[in-house]
Amino acid sequence: MSKIIVLIGAPGAGKGTQARILEERRGIPQISTGDMFREMKNADTPLAREVQATMATGKLVSDDLTFQIVQDRTSREDCKETFILDGFPRTAVQAEMLERLASAQGKEISAILVDVRLDHLEKRMTGRRSCPVCGEIYNVYFKPPKTDEVCDIHTDTTLMHRTDDFEEKVKVRLAAYEQQTKPLIDYYEKSGRLKKVSGEGELEEIYNELERLV
Ligand code: AMP
C-alpha cells in the first residue's frame with residue numbers, strides 16, 4: 001500500500017534537509033507546506049499577502065488554507081504513490097484533515113519523528129541559510145558554505161537568511177511547535193504509527209537511519 005510519510009519535528013530539526021535527500025535519492029516527492037507558502041511570496045494577491053504577514057510573525061497559517069494547498073498539491077500525478085509531508089500536519093485539526101485525505105487517496109499514514117533536543121534547535125534555525133536558486137541548505141555554525149554567505153554550487157548567488165529564522169521569530173515558532181504540534185507525537189504513537197530517528201549527529205547517519213524506516 002502506498003504511504004503518506006509524515007515527518008514530524010520542531011522547526012530546525014532538519015526535516016526539510018532530510019526530505020530533500022530522500023527525494024533526490026529515492027525519488028519520493030517531498031511536499032513542504034513551508035516551501036509552498038514561501039513560494040507564494042511572489043504572488044501579489046490578498047491571500048498571498050495574508051500568508052506572508054502570518055509567516056513573518058512566526059505563527060501558523062490557518063488550518064483551512066494550509067489543508068487546501070496540501071490537497072491541491074497531493075492530487076497531482078507525482079503523488080499517486082508514496083510521498084513525504086514535511087511540515088504538515090502541525091495541529092490536531094490538520095491531523096484530522098489528513099486522516100480523511102489519506103483514506104480518500106487509499107494510503108496509510110506513517111509518521112517519523114526527527115528528534116532534536118530543544119537547546120540545539122535555536123542555533124540550527126538562526127544559523128540556517130539557503131540558496132535561492134537551488135535550495136541547498138547551509139548552516140553558519142554546523143555546515144558553513146566555502147565562502148561566507150555564498151552558495152557552493154551557485155557561486156554568484158548570495159545565500160538567503162529567512163526572516164522567520166531571526167532570533168525573536170524563532171522563539172515564537174518554537175512556542176507554536178510546543179503548544180500545537182508536539183501533541184501530535186502522542187497522537188501517532190498511540191495509534192501505533194510513530195517511528196523515531198535522532199536528528200542529532202552527522203547528516204549521512206541521520207539519513208541512513210531515516211531511509212531504513214521509510
Ligand atoms: P517551515 O518552513 O515548515 O518552518 O514553515 C514556515 C512557516 O510557514 C511557519 O512558521 C508557518 O507560518 C507556515 N506553515 C508551514 N507549514 C504550516 C502548517 N502545516 N500549518 C500552518 N502554518 C504552516
Side-chain angles (χ1 to χ4, degrees), residues 4-23 29-43 47-74 79 83-102 109 111-116 118 120-132 135-139 159-185 187-188 199:
I4 298 178
I5 300 165
V6 171
L7 286 188
I8 305 192
K15 302 183 300 292
T17 305
Q18 292 296 338
R20 281 166 56 85
I21 310 180
L22 266 174
E23 179 170 71
Q30 170 215 11
I31 313 299
S32 157
T33 42
D35 284 351
M36 289 192 286
F37 284 139
R38 275 184 287 282
E39 275 163 26
M40 287 173 76
K41 206 184 325 203
N42 304 322
L47 192 64
R49 281 195 292 273
E50 190 189 316
V51 167
Q52 284 313 312
T54 306
M55 284 177 81
T57 66
K59 292 186 185 151
L60 297 183
V61 176
S62 79
D63 290 329
D64 285 335
L65 176 57
T66 306
F67 183 63
Q68 201 183 315
I69 65 161
V70 170
Q71 200 171 22
D72 287 354
R73 176 64 187 87
T74 61
C79 292
F83 60 85
I84 304 166
L85 285 176
D86 159 20
F88 183 92
R90 259 172 148 105
T91 67
V93 173
Q94 291 179 12
E96 277 299 316
M97 289 166 155
L98 182 62
E99 297 292 349
R100 289 199 292 277
L101 183 79
I109 296 171
I112 303 178
L113 170 66
V114 182
D115 202 14
V116 174
L118 202 64
H120 283 220
L121 292 170
E122 253 181 65
K123 265 193 171 168
R124 292 246 189 140
M125 292 159 88
T126 55
R128 176 159 56 186
R129 303 289 186 276
S130 65
C131 174
E136 185 69 16
I137 299 168
Y138 301 88
N139 186 295
L159 296 177
M160 217 168 62
H161 187 187
R162 282 166 49 174
T163 48
D164 61 348
D165 277 342
F166 287 72
E167 203 173 329
E168 64 281 16
K169 303 292 160 45
V170 162
K171 290 196 191 331
V172 178
R173 292 168 67 203
L174 288 174
Y177 173 74
E178 284 290 315
Q179 286 157 17
Q180 292 168 279
T181 311
K182 223 173 163 185
L184 299 185
I185 297 173
Y187 172 76
Y188 288 117

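As the structure is a computational prediction, the values presented were derived from the model and not from experiment. In each ligand, atom 1 is the first atom listed, and ligand 1 is the first ligand listed.
Smallest separation of non-hydrogen atoms from G135 and S130: O-CB, 4.4 Å. Between M55 and D164, the closest heavy-atom pair is O-CB, 3.9 Å. Scanning both residues, K123 and N139, for their nearest heavy atoms gives O-ND2, 3.4 Å. The two atoms that bring L121 and P11 nearest to each other are CD2-O, 3.7 Å, heavy atoms only. Nearest approach of F37 to Q52, heavy atoms of both residues: O-NE2, 3.4 Å. When every heavy atom of C79 is checked against every heavy atom of T74, the shortest pair comes out as CB-O, 3.4 Å.
Among all protein heavy atoms, the one lying closest to atom 4 (O) of ligand 1 is R173 NH2, 2.9 Å. The nearest heavy-atom contact from the protein to atom 22 (N) of ligand 1 is V61 N, 3.0 Å. Taking atom 12 (O) of ligand 1 as the reference point, the nearest protein heavy-atom neighbour is K59 O, 2.6 Å. When only non-hydrogen protein atoms are considered, atom 13 (C) of ligand 1 lies nearest to F37 CD1, 3.8 Å.
Interface atoms of ligand 1 facing T33, defined by a heavy-atom separation under 4.0 Å, are 15 (C), 16 (N), 17 (C), 19 (N). For ligand 1 and R162, the ligand atoms under 4.0 Å from any heavy atom of the residue are 1 (P), 2 (O), 4 (O), 6 (C). Within ligand 1, the atoms closer than 4.0 Å to a non-hydrogen atom of M55 are 6 (C), 7 (C), 8 (O), 12 (O), numbered from 1 in the order shown. Close contacts between ligand 1 and Q94 involve ligand atoms 18 (C), 19 (N), 20 (N), 21 (C) [criterion: under 4.0 Å to a heavy atom]. Taking a cut-off of under 4.0 Å to the non-hydrogen atoms of G87, the atoms of ligand 1 that pass are 16 (N), 17 (C), 18 (C), 19 (N). Under a 4.0 Å criterion applied to the non-hydrogen atoms of T66, ligand 1 contributes the atoms 18 (C), 19 (N), 20 (N), 21 (C).
Taking 4.5 Å as the limit, every side-chain heavy atom of K171 sits out of range of all side-chain heavy atoms of L174. The closest side-chain heavy-atom distance from L60 to T66 is not below 4.5 Å.
For ligand 1, the polar-atom distance check finds no N/O of F88 at less than 3.5 Å from any of the ligand's N/O atoms. The shortest N or O to N or O distance between R90 and ligand 1 is below 3.5 Å.
For T54, the closest heavy-atom approach to ligand 1 does not fall below 4.0 Å. In this structure, R38 is part of the shell of residues with a heavy atom less than 4.0 angstrom from ligand 1.
No salt bridge links D165 with R129; every basic N to acidic carboxylate O contact stays at or beyond 4.0 Å.
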